[in-house]
Each structure stands twice: as C-alpha cells, then as structure tokens.
Number of protein chains: 2
Amino acid sequence: MTVEAQVDPAAEAWAIALEIVFSERPPRVPAVAAQFDVSPMGLKLLYSLEPGTAASMRRLADTLFCDASNVTGIVDRLEARGLIERREDPGDRRVKLIALTDAGADARAEIRRRLHEPPAQIAALPEADRTALRDILLRAVGPDRA
Amino acid sequence: MTVEAQVDPAAEAWAIALEIVFSERPPRVPAVAAQFDVSPMGLKLLYSLEPGTAASMRRLADTLFCDASNVTGIVDRLEARGLIERREDPGDRRVKLIALTDAGADARAEIRRRLHEPPAQIAALPEADRTALRDILLRAVGPDRA
DNA sequence: TATTGTTATACTCTATAACTATA
DNA sequence: TATAGTTATAGAGTATAACAATA
C-alpha cells in the first residue's frame with residue numbers, strides 16, 4: 001500500500017497515520033476487545049467512561065454515536081461481566097446512571113494502556129521525533145486537553 | 001475525555017491521536033462506508049486494492065484479516081455494485097482474481113481522499129507543525145513508503 | 001407532550017464447518 | 001493430501017418502531 005502525493009502536508013500525514021493503523025496485525029481495536037471479551041462498542045464505552053463519574057444511557061448513546069436502543073444491550077453485557085453497574089438518578093426517575101465497578105476501572109486502565117501503545121513504526125522513532133510528535137499533537141488538541 | 005500523563009512521549013502522542021479519532025462526529029470510517037453504500041470491510045477492500053492490479057480472494061482475506069468465507073460475501077456485494085470484478089487466474093484454475101472496475105477505481109480515489117482528510121484539530125495546526133508532522137511520519141514508515 | 005430507557009423485530013456482518021474443484 | 005473458494009448455518013451487533021414510565 002503506497003501513499004499518493006498530497007498537496008496539504010496534513011493530508012499526507014493523516015494518510016501515513018492511516019496506513020500505519022491499517023498495517024497493524026491483528027487490527028488493534030478488535031484485538032483488545034477480544035482480549036477483554038467485550039464488543040468494540042463495549043470497549044469504547046469502557047475507554048470513555050471515567051472512574052468516579054456516572055453517565056446516563058442517553059449520554060452514552062451520544063458518546064458512542066449509536067442508537068439508544070443499542071446502549072441497552074451494550075450495557076447489559078458489560079453489567080453481566082461485572083464491569084459496570086446501573087444506578088438510579090435521584091433527580092430524574094426516568095434516568096439510569098452508568099458507572100464503572102472496581103473491576104471495570106481496572107479493565108479500563110489496562111484497555112487504555114493497550115490502546116495507547118504506539119505502533120512499532122512510531123515506537124521505533126528517535127527520541128527527538130517522538131517528543132516532537134507529542135508536542136505537535138498537544139498543540140492540536142489545545143493545552144486544556146493535556 | 002482527558003489523557004493521562006505517559007512516560008513514553010510516543011504513547012502520549014498516540015493517546016492524543018486516538019482521542020482525536022474518537023472525537024470525530026460522525027466516526028469517519030462508518031460515515032464514509034455509508035456514503036458509498038458499502039460495509040466497513042468493503043471500504044477497506046476498495047481502499048487497499050490498487051488500480052491495475054489483481055489480488056486473489058485468499059490474499060484479500062489476509063489483507064482484511066478476516067475469514068476467507070467472509071470475503072465471498074464482501075466481494076459478492078462489491079461486484080453487484082459494479083465496483084470490482086472476478087477474473088480467472090490462467091495459472092491456477094482454483095484461484096479467482098479480484099480487480100477494480102473503472103467505477104471502482106473512481107470510488108477508491110474518492111474514498112482515499114475522504115479518509116485522508118485530516119481531522120479539524122490537525123488541519124488547524126500552523127504550516128510548520130503540519131509539515132513537521134508529515135516529515136516525522138514519513139520517517140516512521142521509511143523513505144520507500146512515501 | 002416530550003424524554004428516558006426497554007422490548008420486538010428484521011437485517012447485516014461475521015466465523016465455523018462442510019463441501020466442490022482443482023492442485 | 002493440501003489449497004482456493006463457496007455454501008449452510010448460527011451467533012452477535014445494529015437500527016427502526018412501538019411501548020411503559022416519568023417529566
């Protein structure tokens with residue numbers, strides 16, 4: 001798979017990043033999902049949900065960009081695995097709040113560690129390039145997201 | 001979604017890149033797949049198959065990292081859409097070679113353009129950062145992949 | 001009336017295993 | 001015997017629509 005010349009250096013950069021992602025064997029996200037015996041969407045939910053916080057099903061549907069009816073099934077399976085729990089919202093009895101269990105928080109930490117592992121090509125870059133890459137991406141998301 | 005401090009700057013960089021990908025609304029790959037009315041795997045097949053070349057079903061299964069039985073269905077649907085065609089391999093009558101049609105090559109070019117579009121946070125970086133990002137990633141994949 | 005979450009349903013995608021045809 | 005591709009089948013994931021409870 002080769003990358004065509006691009007006018008915008010950012011497009012060329014993103015093309016190379018995609019090539020790196022597509023070249024991983026096995027593909028990262030399905031592999032980590034299988035490792036923890038959760039679906040890709042279940043993995044994204046665990047990845048996103050912060051320990052010590054709780055989110056409504058509706059908000060999870062927005063985060064996962066999927067239909068609310070689907071969140072029921074995703075949460076059902078993660079709850080059956082003991083990774084999350086449903087709680088009542090004292091302020092609105094329609095709402096169910098989802099929170100990580102202790103086991104879920106442990107799983108989340110390991111999931112994040114695995115997904116943050118840079119691919120071999122990135123990890124092999126010299127120190128100067130790796131720090132420059134980090135600094136550029138930090139500027140891209142802004143100082144508040146660091 | 002915040003990013004924890006990482007020891008390795010490359011891991012920190014990859015975490016931010018993942019945050020950028022996860023923050024895209026709608027998620028890029030499903031959105032582009034829907035735009036062309038193909039499955040995510042069909043999209044990856046079109047993305048990968050180079051115009052003027054042909055690949056066996058077996059090789060496509062390796063590229064897509066899925067079971068060979070699944071390739072039959074993926075190829076069936078893309079063929080029905082007129083984007084690819086099955087050809088016979090003169091050297092081995094068991095093998096079927098898959099190649100892009102003209103329409104498929106057009107779709108591929110547009111698919112690649114759409115998938116290579118950098119996310120807003122990357123596109124908004126100053127010129128110096130965008131070229132530095134490209135140069136670092138070019139070094140990561142090596143001069144032969146440019 | 002509108003919203004949250006659930007259920008019922010149908011459709012797509014996927015892997016496993018068995019099969020055919022070639023090698 | 002082994003390999004390429006297909007078919008049969010079942011399981012998992014998804015969206016749409018209809019529903020109950022609550023606001």
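Throughout, protein chains are lettered first and strands after them, A, B, ... in sequence-line order, and every chain is numbered starting at 1.
Under the salt bridge (charged side-chain N to carboxylate O under 4.0 Å, His left out) criterion, B:R59 pairs with no residue, sequence neighbours left out. Among residues two or more places apart in sequence or in another chain, the salt bridge (charged side-chain N to carboxylate O under 4.0 Å, His left out) test is passed with B:D89 by none. Under the rule for a side chain to side chain contact (heavy atoms under 4.5 Å, CB included), B:P90 has no partner lying at least two apart in sequence or in another chain. For A:E88, the salt bridge (charged side-chain N to carboxylate O under 4.0 Å, His left out) criterion is met by no residue, not counting sequence neighbours. Qualifying salt bridge (charged side-chain N to carboxylate O under 4.0 Å, His left out) partners for A:D76, counting only residues two or more places apart in sequence or in other chains: A:R86. Take B:E117 and apply the side chain to side chain donor-acceptor pair (under 3.5 Å) test, not counting sequence neighbours, and it matches B:R113, B:R114. Partners of B:P119 by side chain to side chain contact (heavy atoms under 4.5 Å, CB included), not counting sequence neighbours, listed by chain and number: A:W14, B:I20, B:E24, B:R28, B:Q121, B:I122.
Alongside A:F65, the hydrophobic cluster contains no other residue (criterion: ILVMFWY side chains under 4.5 Å).
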Please enumerate all protein N or O atoms sitting under 3.5 Å from an N or O of nucleotides 19-22 of chain D, with distances to 0.1 Å.
unit_1	atom_1	unit_2	atom_2	d
D:dT22	OP1	A:R93	NH2	3.1

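The interatomic distance linking B:R77 (CZ) with C:dC11 (P) rounds to 15 Å, in whole Å. Residue A:R59 contributes atom CZ, which lies 12 Å from atom P of C:dG5 at whole-angstrom precision. Following rounding to the nearest Å, A:L78 (CG) and D:dA12 (P) show an atom-to-atom distance of 15 Å. Rounded to a whole Å, the CD atom of A:E88 is 17 Å from the P atom of C:dT4. Between the CZ atom of B:F65 and the C1' atom of C:dA15 there is a distance of 13 Å, rounded to whole Å. The NZ atom of A:K96 sits 6 Å away from the C1' atom of C:dG5 (whole-angstrom rounding). Counting to the nearest Å, the C1' atom of D:dA23 and the CG atom of A:D89 are 12 Å from each other. At whole-Å resolution of the value, CZ in B:R86 and C1' in D:dG5 are 9 Å apart.
Between A:L138 and B:E12 the shortest heavy-atom distance is CD1-OE2, 4.2 Å.
In DNA chain D, consecutive stretches of 3 or more Watson-Crick or G-U wobble pairs with both distances under 3.5 Å are given as paired ranges: C:1-23 with D:1-23.
At a non-hydrogen distance threshold of 4.0 Å, A:S39, A:M41 from residues 31-46 of chain A come into contact with DNA chain D. Of the residues in residues 68-76 of chain A, those with a non-hydrogen atom less than 4.0 angstrom from any atom of DNA chain C are A:A68, A:S69, A:T72.
The residues B:D135 and B:R139 are annotated as not salt-bridged, no charged nitrogen and carboxylate oxygen being separated by less than 4.0 angstrom.
Of the possible donor and acceptor atoms, one in the side chain of B:T101 sits under 3.5 Å from a partner among the backbone N and O of B:G82.
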Residues B:T63, B:L49; criterion side chain to side chain contact (heavy atoms under 4.5 Å, CB included); working and verdict: CA-CA 9 Å; B:T63 299; B:L49 190 55; over 6 Å; no
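Rounded to the nearest 0.5 Å, atoms CD1 (B:I74) and CD1 (B:I98) are 11.0 Å apart.
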